[in-house]
Amino acid sequence: EAQVTQNPRYLITVTGKKLTVTCSQNMNHEYMSWYRQDPGLGLRQIYYSMNVEVTDKGDVPEGYKVSRKEKRNFPLILESPSPNQTSLYFCASGRDRNSYEQYFGPGTRLTVT
Amino acid sequence: GEDVEQSLFLSVREGDSSVINCTYTDSSSTYLYWYKQEPGAGLQLLTYIFSNMDMKQDQRLTVLLNKKDKHLSLRIADTQTGDSAIYFCAERDSGGYQKVTFGTGTKLQVIP
């Protein structure tokens with residue numbers, strides 16, 4: 001089944017404790033992206049990747065890192081999480097830069113206390 | 001930067017039509033999208049329209065695009081309780097790297 005998976009789905013952590021949210025797609029997509037969803041603000045793009053070893057900042061990259069060492073994986077790293085990073089995070093992938101559709105993962109709800 | 005705006009909430013009775021509206025600022029948009037998010041789930045592409053089209057119909061869904069006013073709407077005919085969800089409008093610019101800007105989402109509540 002073609003899908004985007006994220007782990008964990010739920011995470012509660014404390015300020016300053018490094019964490020990684022994994023994202024994997026099995027569709028051989030070139031494009032991958034991370035968004036955060038906050039009430040009243042919709043989805044905002046954190047980082048995106050056009051292909052392996054090619055990443056770029058989205059609209060709200062501060063406090064986040066990403067890497068794209070393999071085509072299927074695009075982990076989101078919070079080196080020192082803070083409470084303002086409490087949010088619902090979505091990973092998405094698209095076939096390539098010309099594809100019109102993005103496929104979304106199920107989301108990761110992160111709470112930083 | 002680009003901005004996409006939607007009203008936050010819409011309530012309709014089952015069987016009525018729902019109209020969800022969206023305005024955007026980017027005049028170079030190539031695609032405009034409607035995504036649906038059901039509770040506890042990710043976003044699913046519902047429908048999309050090319051910027052050179054005025055209207056697109058797909059079963060119960062009708063998308064209208066007024067490019068002059070930068071206004072997009074989604075009409076759901078014969079709204080069902082299963083249509084209750086958050087609907088996101090989104091636009092993609094002409095840059096080609098899939099920079100997609102999402103609206104705030106409209107929560108549709110269908111009253112039985």
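Hydrogens, waters and symmetry mates play no part in the numbers below; they use all other heavy atoms, side chains included. All chains are named by letter (A, B, ...) in the order of the sequence lines, taking the proteins before the strands, and each is independently numbered beginning at 1.
Contacts between A:L41 and chain B at a heavy-atom distance below 4.5 Å involve the backbone alone (N, CA, C, O). With a 4.5 angstrom heavy-atom cutoff, A:R9 touches chain B only via side-chain atoms. Residue B:Q6: no heavy atom, backbone or side chain, is found under 4.5 Å from chain A. When heavy atoms are compared at a cutoff of 4.5 Å, A:Q6 does not approach chain B at all.
The neighbour count for A:I12 CD1, taken as heavy atoms of other residues, nucleotides or ligands under 6.0 Å away, does not exceed 12. Annotation: B:Q80, atom CD; neighbour count of heavy atoms from other residues, nucleotides and ligands within 6.0 Å is above 12. The neighbour count for B:K36 NZ, taken as heavy atoms of other residues, nucleotides or ligands under 6.0 Å away, is above 12. Atom CD of A:E53 has more than 12 heavy atoms from other residues, nucleotides or ligands within 6.0 Å. Remark: A:R109 CZ is loosely packed, at most 12 non-hydrogen atoms of other residues, nucleotides or ligands lying under 6.0 Å away.
Contact count against chain A (heavy-atom pairs under 4.5 Å) is highest for B:L43 among B:T101, B:V4, B:L45, B:L43. If you tally non-hydrogen atom pairs under 4.5 Å between each of A:V4, A:D59, A:D56, A:D38 and chain B, the highest count goes to A:D59. Considering only heavy-atom pairs separated by less than 4.5 Å from chain B, the leading option among A:G42, A:A92, A:G105, A:P39 is A:G42.
The ring pair (Phe, Tyr, Trp, His ring centres under 6.0 Å) test with A:Y35 singles out one residue from B:F88, B:F102, B:Y35, and that residue is B:F102.
B:V63 and B:Y87 end up in the same hydrophobic cluster when Ile, Leu, Val, Met, Phe, Trp and Tyr side chains are linked at under 4.5 Å.
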